[in-house]
Protein chains: 2
Amino acid sequence: MAADRQERSGARRGGTSYDVARAAGVSQSAVSRCFRPGTSVAPGTRARIIAAADALGYHPNAIAQSLITRRSNLVAVIISNLTNLYYPEVLAELTQQLSERGARVLLFALRSESEIDSVLDLVWRYQVDGAIVAAQLSTEQMLAFAARGTPLVLYNRHSTTVPVASVSCDFGAGSALIAGMVAAGCRAFGLIGGPPDSAVGEARVEGARAELARAGIAPVAVDRGDFSYESGHAAAHRLFAAYHLDAIVAANDVMALGAMDAARIDLAIRIPDDLSVVGFDGVAPAKWRSYLLTTIRQPVRRMTAAATAMLFERIENLDLGPERRFFPGDLIRGATARLG
Amino acid sequence: MAADRQERSGARRGGTSYDVARAAGVSQSAVSRCFRPGTSVAPGTRARIIAAADALGYHPNAIAQSLITRRSNLVAVIISNLTNLYYPEVLAELTQQLSERGARVLLFALRSESEIDSVLDLVWRYQVDGAIVAAQLSTEQMLAFAARGTPLVLYNRHSTTVPVASVSCDFGAGSALIAGMVAAGCRAFGLIGGPPDSAVGEARVEGARAELARAGIAPVAVDRGDFSYESGHAAAHRLFAAYHLDAIVAANDVMALGAMDAARIDLAIRIPDDLSVVGFDGVAPAKWRSYLLTTIRQPVRRMTAAATAMLFERIENLDLGPERRFFPGDLIRGATARLG
DNA sequence: CTGTTAGCGCTTTCAA
DNA sequence: TTGAAAGCGCTAACAG
């Protein structure tokens, strides 16, 4: 049987630990140990093994390792809207942070939320060690993670039905921003929210509404977009056609930029003199000199670091409870809002 | 031994095909067949198995499948600069197209090109079926793919030393664009290239230079950036400080936008009256009303579809030769260049 | 420190 | 159509 193995090995891709063992004149398990941290191998043996492995171009088969250790070192990252301009930065950071901890990213980019079930099937099949999800999961879907013992961390999402670990950016500095706008004299606020089913969008609209209420102001109108530039542009046009506004608060930067352009380019409204516009996220284009948007920047690095840390804590210790971590956004003063 | 297996199974995550087999009163291999397409299982048996599997929440273990079939259904996607604004769209499309063909994306986002070697180690370990790479690989690195029989498709990159499959966007429409600018009277061209080691950047600069040469014009100056807005902005400032220009050609849109803002905002140069600015890519912000950049849009969908198709052809047929596929960019007329 | 051995969960002949 | 059996490449006791 051992002979049998030897006959057929060394075929196509890089060779197996048996090939290395044979070349180095040691047992296969010696090779295994040699590539495993914290195992004891005599220096001389190790050198012979490494030499043989290099000569053969051997790399341990992670698939086989996963099967036996029950650790795939794979983390599923599920993102609903990759083209959202804000997510690439999140994804880049997550990938980086996960790599540093030795995990690989299995990426799932949803085109529509309805794809989630089929994505989860794949997530189960690949035995991922955990998942970071920036998409809306149903209660059953979250329970499925719990049932299978797969750690889950939500990113900028939250569940009211199932206790689950999550990181979010709170509206915190948003309140100060709106208070500042009121102090500067803004009274007629138009809000541009996200789609009705977007938790992030709703939270921001509600945050703005609450802060306005504190000043005894009710928004003049609330319109909605889908977080895209075009939708912000269109929403702003609808708002201006119906109301006189002196402030627009958008649920994300890209819609705010669309609204800005609708106002200043199409309608010749001066910003910030006659209209203040603010967004949320702190995406790169908001800083561009044609915009200089006043906004709340999410601390992406800290948030992704927290998400990664929370995930790993739960991978190490499966029965760690839920936890919700909030991060305050930073106010970017920009040049599109008068602040008191 | 079989009894042994049964004792310890059904532990934590979802259960194994043995659990399903036991619950359905069939052999484990029947369960295996039931989940494999094109295998013969009696309708009644299949129904019992499916019922048992559903009850147990069974999902076949893709890791174990990969080990035995030597097909991981994993494709490595290696991208050098995820925050590049152009790549998110590419990544979203690739992920989509690969999913449709049943492949999963193992994402590697490089912070610097020097990380490639350690990434490749992981690529080998995970036994990916193939790789799509939008990063600069060395000759040895490409040869390693060949040596291991791992299909490789380069995206917007190309090798002059090793024959390898690739898709790129050719400068094609760029020539017409530059010819149009010359026809409209532009004479003093400033070029903003990418970093010296960027093949894409060089190709575009060379394309522009060649087309200008055809009109008997040499560029007044060539500066460089790193494809970021800030670098385009800075490069434009350096150019304007030293030369009088009536046209700027940037190697990508984002630098073109930075250059535009340097010109029109900082220096009050009128665009397109006194200065034409063009870019390359067709990213979303180029279409925003504050910019309306004249540019060449890469046909991302077609390019990613081609990359995916080429990769799968090579996964099915390992000794398919190299092939280079070019796609023409579409001219987006925008409003930032006078065209003859 | 090193080798032997028994599987991880699955696919795949091969007989029945 | 179904089941038994032999591994895929590796890890992890366990002896030596």
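Residue numbers begin at 1 in each chain, while the letters A, B, ... track the order of the sequences. On a predicted model such as this, the values are computed, not experimentally measured, just so you know. Every heavy atom of this structure was used, including side-chain atoms; hydrogens, water molecules and symmetry mates were not.
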Note, R157(B) side chain near V200(B) side chain (heavy atom, < 4.5 Å): yes
Could you tell me how far apart R125(B) (CZ) and dC8(D) (P) are, to the nearest whole angstrom? 21 Å
Nearest listed nucleotide, side chain of S32(B), among dG9(D), dT1(D), dT11(C): dT11(C)
Which residue lies toward the 5' end of DNA chain D, A64(B) or S29(B), if each is placed at its nearest nucleotide? S29(B)
To the nearest angstrom, how far is R33(A) atom CZ from dC10(D) atom C1'? 13 Å
Let me know the distance between CG of D19(A) and P of dC8(D), rounded to the nearest Å. 11 Å
Mind checking if S66(B) touches a base, just sugar-phosphate, or nothing, with heavy atoms under 4.0 Å? nothing
Atom-to-atom span, CG of L67(B) to P of dT11(D) - whole angstrom: 12 Å
Rounded distance in Å - CD1 (I68(B)) to C1' (dA6(D)): 9 Å
Classify the ring geometry between Y86(A) and Y155(A) as parallel (under 30°), tilted (30 to 60°) or perpendicular (over 60°). tilted
Assign V41(A) to base, sugar-phosphate, or nothing according to its heavy-atom contacts below 4.0 angstrom with the strands shown. sugar-phosphate
Closer to the 5' end of DNA chain D via nearest nucleotide, is it T69(B) or R46(B)? R46(B)
With the threshold set at 4.0 Å, does a side-chain nitrogen-carboxylate oxygen contact exist between E316(A) and R71(A)? yes
When the distance from CD of Q28(A) to C1' of dG9(D) is rounded to whole Å, what number comes out? 8 Å
Take atom CD of Q65(B) and atom P of dG9(C), then tell me their distance rounded to the nearest Å. 13 Å
Side chain to side chain donor-acceptor pair (under 3.5 Å) pairs touching residues 47-58 of chain B, sequence neighbours excluded, are none
Sugar-phosphate, base or nothing in reach of Y58(B), heavy atoms under 4.0 Å: sugar-phosphate
Would you mind reading off the distance between Y126(A) atom OH and dC8(C) atom P, rounded to a whole angstrom? 22 Å
Determine: side-chain N/O of R70(B) to OP1/OP2 of dG9(D), distance under 4.0 Å, yes or no. yes
Do L98(A) and F312(A) have side chains that approach each other closer than 4.5 Å (heavy atoms only, starting at C-beta)? yes
Under 4.0 Å from OP1 or OP2 of dC10(C): is there any side-chain N or O of S17(B) that close? yes
Using OP1 and OP2 only, check whether a side-chain N or O of T16(B) sits under 4.0 Å from dG9(C). no
